[in-house]
Amino acid sequence: MKPKSFFLFLSLVFFTAEAGLTAPAEDNSTAIVSHIPREHVQSTGLAGVGYSKRRHILEIEFINGAVYRYVDVPPLIYRELMSAESKAGYYASHIKKHYRSVRVRPRVKDQLKN
């Protein structure tokens with residue numbers, strides 16, 4: 001693993017641990033347990049959004065059931081997302097591929113395979 005990739009990996013592990021996440025013992029039923037409350041939003045692609053002001057972590061639940069956590073997200077981005085007319089559009093242009101992420105929960109279809 002290259003030094004930069006290793007640093008990014010360690011950063012995600014650190015943020016996961018810092019955010020009060022836990023990994024399951026031997027079963028892979030859930031990779032992460034989230035303690036960030038999410039607020040339901042009106043959107044064609046997003047179902048809920050949660051934000052930790054203290055840790056600058058944004059969690060997004062999609063309508064397909066998947067939940068992703070984005071780290072190092074400034075409060076302004078969260079506020080703009082919540083006030084955007086198109087939350088899915090704002091997510092696509094300002095969050096997706098702009099912030100490091102980790103999957104909290106797979107989409108429902110993937111959960112049914114296990």
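This one's a predicted model, so the numbers in the text were calculated from it and none came from an experiment.
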For the pair H40 (side chain) and A47 (backbone), establish whether a donor and an acceptor sit closer than 3.5 Å, ignoring hydrogens and angles. yes
Taking all non-hydrogen atoms of both residues, which atom of G50 and which atom of I36 are closest, and how far apart? C-CG2, 3.8 Å
Taking the side chain from H98 and the backbone from S93, do they hold a donor-acceptor pair closer than 3.5 Å? yes
Salt bridge (Lys or Arg N to Asp or Glu O under 4.0 Å) partners of residues 38-53, not counting sequence neighbours, each pair once: R38-E59, R38-E61
Can you name the salt bridge (charged side-chain N to carboxylate O under 4.0 Å, His left out) partners of R79, sequence neighbours left out? none
If hydrophobic residues (ILVMFWY) are linked whenever their side-chain heavy atoms come closer than 4.5 Å, directly or via other members, who joins L76 in its cluster? none
If you group Ile, Leu, Val, Met, Phe, Trp and Tyr whenever their side-chain heavy atoms sit less than 4.5 Å apart, what else falls in with I77? V41, L46, V49, Y51, L58, I60, F62, Y68, Y70, V73, Y78, L81, M82, Y90, Y91, I95, Y99
Atom OG in S52, atom CZ in R69: separation rounded to 0.5 Å? 8.0 Å
Salt bridge (Lys or Arg N to Asp or Glu O under 4.0 Å): which pairs involve residues 89-99, sequence neighbours left out? none
